[in-house]
Amino acid sequence: MQSSPFSHLNDQQRQAVTAGLGQTLVLAGPGSGKTRVLTERIAYLVRDLAVRPYHILAVTFTNKAAREMQSRVEQTLGDPCRDLWLGTFHSVCARMLRREAAVLPFDSNFVIMDADDQDTLVKRVLKELNVNDKLYRASGVHAAISNAKNNLMQPKDYPRRNYRDEVIARVYERYQQMLLQSNALDFDDLLLWTVRLLQENPDVVERYGRRFEHVLVDEFQDTNTAQYLLLKLVSSYHQNLFVVGDEDQSIYRWRGADYRNVLRFEQDFPEAKKILLEQNYRSTQTVLDAARAVIDRNPHRTPKHLFTDRGSGERLVLFEAADDHSEATYVVDLIGQNMAGDRKAGSRFAVMYRTNAQSRLLEEAFLRSGLPYRLVGAQRFYGRREVKDLICFLRLVANPADEVSLNRTINLPPRGIGDKTIQSLQAAAQRAQTTPGAALLELAAKGERSAAFTALGGRGAAMLLDFARLLAGWMEAARQEPLPALFDRIVTETRYEAYLRDGTEEGEDRWNNVQELRKLAYEYQDRGLGPFLENLALVSDQDTLPEDVTAPTLLTLHAAKGLEFDNVFIIGLDEGLLPHSRSLDDPEEMAEERRLFYVGMTRARNRLYLVRSRQRSSYGSTEFSEPSRFLQDIPSALLEERGAQRRARSTRPSEVQASWARWETPVPAPRSPQIIPPPPPAPKVVQQQYRPGMRVRHPIWGEGLVVESRVLDGEENVDVAFESVGFKRLLASLARLETV
DNA sequence: GCGTTACATATTTTT
DNA sequence: TATGTAACGC
């Protein structure tokens, strides 16, 4: 059937897959088949160019993407491809660092600290250095440190422009010291140390450079400075760097991601080939046009003209609810009606929102309606206290130098070791030039008669000795017994079960989570403790989510990236929420909010519902809100308005409107000018000249298509999609438009 | 050392 | 509103 091996690809995709040597930049719009391009490219290299998988490195951001790519490559090639080095940035780095630990200031069995641990550690340093933690909030300092690391700044490089910088630099320095003392790296370190490793060791960079004949990267727009440099280093020998991304889907700026790496790539490699994937296989043209109208307003991007052969499809629905309760009810009712009793149809729906807090009213509405739902993200399995507790016990066993884990577990469940005792242990360790963990183990080895024991003195010492013996026993068990046995031993010997199961329902839930974790440990019994811990640190929750493929999905816009659904609801389209109030004063952040909305819109295959509410309660108090500025950018020809205003005018409410009307609560009379609903359209004093669908010519921008035209304040406003510059809003009286 | 109460705080969270 | 943290008193 397949005459050519690439007959299933479009021209642009084929060009990308078979691109020659050197650097290649593939700008892939949403739904344009970028995963397919990446996997086909790998298969092409192996099958047609006889590149050994051993010489290929492919990097992604998520484990999910890595797994998917791995299995698709295997499918295409019909070979397990074990030598292919494919993984997330962080796992690839961890692997390299463990291999090359000989030239690094830590052991190959280092532990990886997650965001929680980093926070804990920052707090400890703030306390230790007597920093005013009201003025220097841990989260802010942590962010500053993380930012510095992402930009490859070490403590000594930290710019000290003011007193605050001075403080942060001091905290950073001590923080870094403590990590190394604990034989630990945080997420950012994985990247930072790898870059340093390659920069400072010519033989190492040459070894890896020679090995990786081809380097491929997914979601390139989300790379930070460290990752960008890493890619350059690792591809420095063969110079075959193939990156796929989309500036318009960069939504992790706040984590150091910089979509401008796309521009930097073009500057650094002027010879690079650039390929645009613009054919969309997911959405209707209406959805694409609406999304484009929104994203085209962002500066500094490559304009893209997404098209589809799926047809124009239905208009978007814009619904304005009276308050946030009816917003949620509207969504759930509509989903219920559309599912029409077919339980399995639920998976075709997704509800997306800016903040996790918004899921709550939705959940309540789902519960009331009796429909099942699937919530992505919100409370993270590994973040749960009891799960984290046990992970820390295990981490301590693997690496007794880990002070964060030691501090967390030493008095867990409460066994009479308080702050004071911990402090004296720390002091004793410092005197002996060792870590508290090592001091404990020594205590366990020598017992009551040791000098260390007497030095600690009194009741604290006895308690410490108890714990030290437990720890020593577990370490022995870790050497002798399989992982699940170690796990059980820890749970039993700490009486953790009794501590959790306090008779409450919550206690049972927590205990169940412990059982879940044990199951996972069981799966790792062949690989052992080290790999288990690394996996816990580097694997996200989405990977372990129980997949109920039949229920509607509730998720944040961030979590939605990379997914698609037949019907998408985006709720909370209000100023202050989307765009979020925190991004109002920074144009870069505002541009990111726009991208976030764009990502959400382009998840929809068929129908897109945009929902807002005139009033919503936050932190207990109720406030009025105005429609999101992004809504104005969508040509009204693409929208079907439903909801409060529309209902007032309509003589015969639709069934949907009738159903949500039950829940609607009366809107209090507006009291201040800014909450008065938009005025009714001004009376038409001008005859409309342009209609959607007409082709027009502009003296500068050339030909374009009228998407929408309406009369406002006696002026005809025309929205035109130009082939050259994209979307523009013009005044008919001023712009010298000609009809073609 | 531990449990209670008052109080501040509040995006997004691939790894 | 709800949640986590800090100070307080036993």
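So that the names make sense, note that chain A is the first sequence line, chain B the second, and so on, each numbered from 1.
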> How many Å lie between NZ on Lys388(A) and P on dG4(C), as a whole number?
Replying inline: 15 Å

>> If you apply the rule side chain to side chain contact (heavy atoms under 4.5 Å, CB included), what do you find for Asn224(A) with Asp258(A), and how did you get there?
In response: CA-CA 6 Å; Asn224(A) 60 33; Asp258(A) 189 351; 6.0 Å; no

> Which residues satisfy the salt bridge (charged side-chain N to carboxylate O under 4.0 Å, His left out) test with Asp246(A), sequence neighbours excluded?
Replying inline: Lys304(A)

>> Taking the basic N atoms (NZ, or NE/NH1/NH2) and the acidic carboxylate oxygens, is any pair closer than 4.0 Å for Asp248(A) and Arg301(A)?
In response: yes

Polar-atom pairs under 3.5 Å, protein N or O versus N or O of nucleotides 5-12 of chain B: list them with distances, or write none.
from	atom 1	to	atom 2	distance (Å)
dT11(B)	OP1	Tyr619(A)	OH	3.3
dT11(B)	O4'	His580(A)	NE2	3.3
dT11(B)	O2	Arg354(A)	NH1	3.0
dT11(B)	O2	Arg354(A)	NH2	2.7
dT12(B)	OP1	Asn356(A)	N	2.8
dT12(B)	O4'	Arg354(A)	NH2	3.1
dT12(B)	O2	Trp254(A)	NE1	3.3
dT12(B)	O2	Arg354(A)	NH2	2.4

> Can you tell me how far C1' of dC2(B) sits from OH of Tyr499(A), to the nearest Å?
Replying inline: 12 Å

>> Taking the six-membered ring of Tyr259(A) as reference, does the cationic atom of Arg595(A) (NZ for Lys, CZ for Arg) lie under 6.0 Å from its centre and within 45° of its axis?
In response: yes

>> Under 4.0 Å, counting only non-hydrogen atoms across every strand here, what does Thr421(A) touch: a base, just sugar-phosphate, or nothing?
In response: sugar-phosphate

> Roughly how many Å is it from CD in Glu219(A) to P in dT13(B), rounded to a whole number?
Replying inline: 16 Å

> Within the structure shown, what part of the strands sits under 4.0 Å from Asn411(A) by heavy-atom distance: base, sugar-phosphate, or nothing?
Replying inline: sugar-phosphate

>> Can you measure Leu555(A) atom CG to dT13(B) atom C1' for me and round it to whole angstrom units?
In response: 13 Å

> Can you pull the salt bridge (charged side-chain N to carboxylate O under 4.0 Å, His left out) pairs that have at least one residue in residues 553-563 of chain A, sequence neighbours excluded?
Replying inline: Glu219(A)-Lys561(A), Asp222(A)-Lys561(A)

> Hey, what do you get for CD1 (Ile391(A)) to CG (Leu517(A)), rounding to the nearest 0.5 Å?
Replying inline: 5.5 Å

>> How many whole angstroms separate atom CZ of Arg385(A) from atom C1' of dT5(C)?
In response: 14 Å

>> Without decimals, in angstroms, what is the distance between Asn150(A) CG and dT14(B) P?
In response: 15 Å

> Could you give the CZ-to-C1' distance, from Arg384(A) to dG4(C), as a whole number of Å?
Replying inline: 17 Å

> Taking atom C1' of dT13(B) as reference, at what distance in whole Å does atom CG of Asn224(A) sit?
Replying inline: 14 Å

>> What's Asp188(A) touching, base or sugar-phosphate or nothing? Going by heavy atoms closer than 4.0 Å.
In response: nothing

> Does atom CZ of Arg415(A) have more than 12 heavy-atom neighbours, drawn from other residues, nucleotides or ligands, at distances under 6.0 Å?
Replying inline: yes

